[in-house]
Amino acid sequence: MIDLKDLRDNPDKYKDGARAKGVAVDIDRLLELDTQHRALLAEQESQRATQKKLSKEIGPQIGTLRKQLKTVPETHSSEIESQIRELEEKPLQLKNRIAELDEQIAAIKPKLETILLAIPQPPDPDVPPGTSEADNVQLRTWHPNWFNPSKSFVDNKGFAPRTHMQLAEMHNLVDFERGVKMSGSRSYILTGDGARLHQAILRLAFDFITTEHGFVGCTVPVIVREEMMVGTGFFPAGHDQAYHIEESKRGSGHDLFLTGTGEVSLMAMHADEILSADQLPLQYATVSTCFRREAGAAGKDTAGLYRIHQFDKVEQVVICKADETESRQWHQKMIGIVEALLQKLEFPYRLLQCCTGDLGPKNADMIDIESWMPSRGDVDADGNPAGAWGETHSASRLYDYQCRRLNLRYRNDQGKTVFCHSLNNTVLASPRVLIPLLELYQNEDGSITIPKALQPYMNNQQRIG
RNA sequence: GGUGGGGUGGCGGAGCGGUUGAACGCGCCGGUCUUGAAAACCGGUAUACGCCUCGGCGUAUCAUGGGUUCGAAUCCCAUCCCCACCGCCA
């Protein structure tokens, strides 16, 4: 959520921001509604003030008259009753006017909030303009000595690559058919060493972020209330991407949603709280199952483990003071953690500065990290895929956009309550990450060397096949 | 799933239709006293929004949302949450 007061002062900042992100939102309409809303509120409040004052005068008078009614002979009672009635009628006009104003305010408020929630965070000025991921800008790349993605796979390893699907089939690592039988398209079963690799790499990532980088590990609910989806900024825009559990249809007071990332629960933990400054920064990590409907992605990346409905992800979030410099430092630090992990695994990767159109509604800035996936990209004359970068990580910087929605604040040195800043980044998501693992570490005979960093988590096993 | 009891400020805990944003205690902050500290005493101590002559003023908030009433923390309804017991269960 953006700051309505700031929007009043700088409407163009938000109009430009929405335009840069390609989000259609009627900010002029919001300003109009806001003006109306405030006028009504002012009148309603002053009417209420008069009503309160009047009530305090009348109240005791009615009280005394009622007491009199009990003691006085019946001959006088009708006179007292009419006095009471007279007093009671006094605030009636006010009451009607207030009810009228209440109604008008109640009619405007949801309209106002709908627009307010839809206004995206303006991109930072240093974010390059663009309309889609095609306009993202490569910042830097890294690769191990033994695999340079600027050369072909054959040049790197001396043989033609198999895809992760072929490798998975060879070694019975994934059962796509039965996964689909059970749960439809984009479903899978990790089996045998596939399941072990998955657990091993998640555990490696979880240990790395918690023990080496001091993030507090948490297990969190992956089924949450709608307000948490709204609070973290995934709703309303991402409503179609979330699985919806309609508990209200079964008599419950509210529906639930499956989270598409551990970020939701990690951030929602402190919703509606006022933290003390010395609690900050909060560094949390979780490994959680993520659910994504992939609505609108029909036909895209349908084969293999790339785009699936359910996966597991180690996620990191930071909640820090409302300080841009600190926020930016954390962003760099969180990216550095991922780079260190990928270097441990010896995966070639690159950093991409996402352009304005690719940021999503809540981010001021986003850096994607992509790992080299030999099976992606165009197929050459020999029938070998050229390989391509595939997104494995995404590091977001949100200022107070998310904390404002979550009502997550802290008390600063002056004792004022201030919305925190928040950031999040993938640590590692599997099984997508098994794509580079299997494909990069395959040998000519189809066997797979297990990365050194992973071997301790695989009972010191060195190869598959 | 069933039955019963509850949700009041940072915490504990009163209030159960009329100057109650809320007694009292604890905690916290400031002050007096003290060489210093403690004790004692005095004062202060919520959040949000709106208005504004930047000193304030107003409104809302006693789980949440409705309702009754001239007036609701207090009465009614719905929902959420917590606790206890029973049932079911990894």
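If you take atom P in B:G7 and the same atom in B:C26, they sit 24 Å apart, rounded to whole Å. For the C1' atoms, the distance linking B:G18 with B:A72 amounts to 10 Å, nearest Å. On the P atoms, B:A73 is 6 Å away from B:C62, given to the nearest whole Å. Going from the P atom of B:A39 to that of B:G30 covers 15 Å, rounded to whole Å. Taking atom C1' in both B:C54 and B:U61, one finds a spacing of 25 Å when rounded to whole Å. Between B:G71 and B:C80, the distance separating the two C1' atoms is 28 Å to the nearest Å. Spacing of P atoms, B:A63 relative to B:G10, comes out at 13 Å, to the nearest Å. Nucleotides B:U53 and B:U32 have their C1' atoms positioned 38 Å apart, rounded to a whole Å.
For A:Tyr399, the ring-ring contact (aromatic ring centres under 6.0 Å, His included) test picks out A:His421, with sequence neighbours left out. Partners of A:Tyr188 according to the ring-ring contact (aromatic ring centres under 6.0 Å, His included) rule, which considers only residues two or more places apart in sequence or in another chain, do not exist here.
Among the atoms of the strands shown, none is found under 4.0 Å from any heavy atom of A:Arg404. Counting any heavy atom pair closer than 4.0 Å across all strands shown, A:Ser46 reaches no nucleic acid atom. Backbone-only engagement by A:Lys5 is indicated by non-hydrogen atom pairs under 4.0 Å involving sugar-phosphate atoms exclusively.
Atoms CE (A:Met1) and P (B:A48) sit 14 Å apart, rounded to a whole Å. One can place CG of A:Asp255 at 15 Å from P of B:U79, the figure rounded to the nearest angstrom. In this structure, the CG atom of A:Asp272 is 18 Å from the P atom of B:C80, given to the nearest Å. Atom CD1 of A:Ile108 is separated from atom P of B:C49 by 19 Å (rounded to the nearest Å). We find that NZ of A:Lys52 is positioned 11 Å from C1' of B:U61, with the value rounded to whole Å. Nucleotide B:G66 holds its P atom 13 Å from the CD1 atom of A:Ile105, rounded to whole Å. The CD-C1' distance, from A:Glu45 to B:A48, rounds to 11 Å in whole Å. The interatomic distance linking A:Asp102 (CG) with B:U69 (C1') rounds to 15 Å, in whole Å.
For the OP1/OP2 pair of B:G50 and a distance below 4.0 Å, the side-chain nitrogens and oxygens of A:Arg8 include at least one atom meeting the criterion. The side chain of A:Arg225 places no N or O atom within less than 4.0 Å of a non-bridging phosphate oxygen (OP1 or OP2) of B:C80.
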List, one per line, each side-chain donor-acceptor pair under 3.5 Å for residues 238-246 of chain A, sequence neighbours excluded.
from     : atom 1 : to       : atom 2 : distance (Å)
A:Gln241 : OE1    : A:Glu294 : N      : 3.1
A:Gln241 : OE1    : A:Ala295 : N      : 3.3
A:Gln241 : NE2    : A:Ala295 : O      : 2.9
A:Tyr243 : OH     : A:His309 : ND1    : 3.1
A:His244 : NE2    : A:Asp255 : OD2    : 2.7
A:Glu246 : OE1    : A:Lys249 : NZ     : 3.3

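Taking the side chain as every heavy atom from C-beta outward, A:Lys109 and A:Glu113 approach each other to under 4.5 Å. In this structure the side chain of A:Thr261 reaches within 4.5 angstrom of the side chain of A:Arg292, judged on heavy atoms.
For A:Arg411, counting side-chain heavy atoms from C-beta on, the closest listed nucleotide (B:C80, B:A46, B:G71) is B:A46. Relative to the side chain of A:Arg48, the nucleotides B:U59, B:G50, B:C80 differ in distance, and B:U59 lies closest. Ranking B:C70, B:C51, B:C80 by closeness to the A:Lys95 side chain, first place goes to B:C70.
Using modelled atom types, one finds a donor on one side chain and an acceptor on the other under 3.5 Å when comparing A:Ser396 with A:Asn363. One side chain, A:Asp365 or A:Gln353, offers a donor N or O that lies under 3.5 Å from an acceptor on the other.
Listed by first and then second residue, the ring-ring contact (aromatic ring centres under 6.0 Å, His included) pairs that reach into residues 310-337 of chain A come to none, sequence neighbours excluded. Within the structure, ring-ring contact (aromatic ring centres under 6.0 Å, His included) pairs that include any residue of residues 198-224 of chain A comprise A:Phe208-A:His213 (at least two apart or interchain).
Both A:Thr417 and A:Lys53 sit near RNA chain B, but only A:Thr417 has its closest nucleotide nearer the 5' end. With the nearest nucleotide of RNA chain B identified for both A:Leu41 and A:Ala49, A:Leu41 has the one nearer the 5' end.
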So what's the dot-bracket for RNA chain B: Watson-Crick or G-U pairs under 3.5 Å, [ ] if a pair crosses, | if it pairs off-strand? ((((((((.[[[..)..(.....]]]((((((.......))))))((((((....)))))).[[[[[..)....]]]]])))))))....
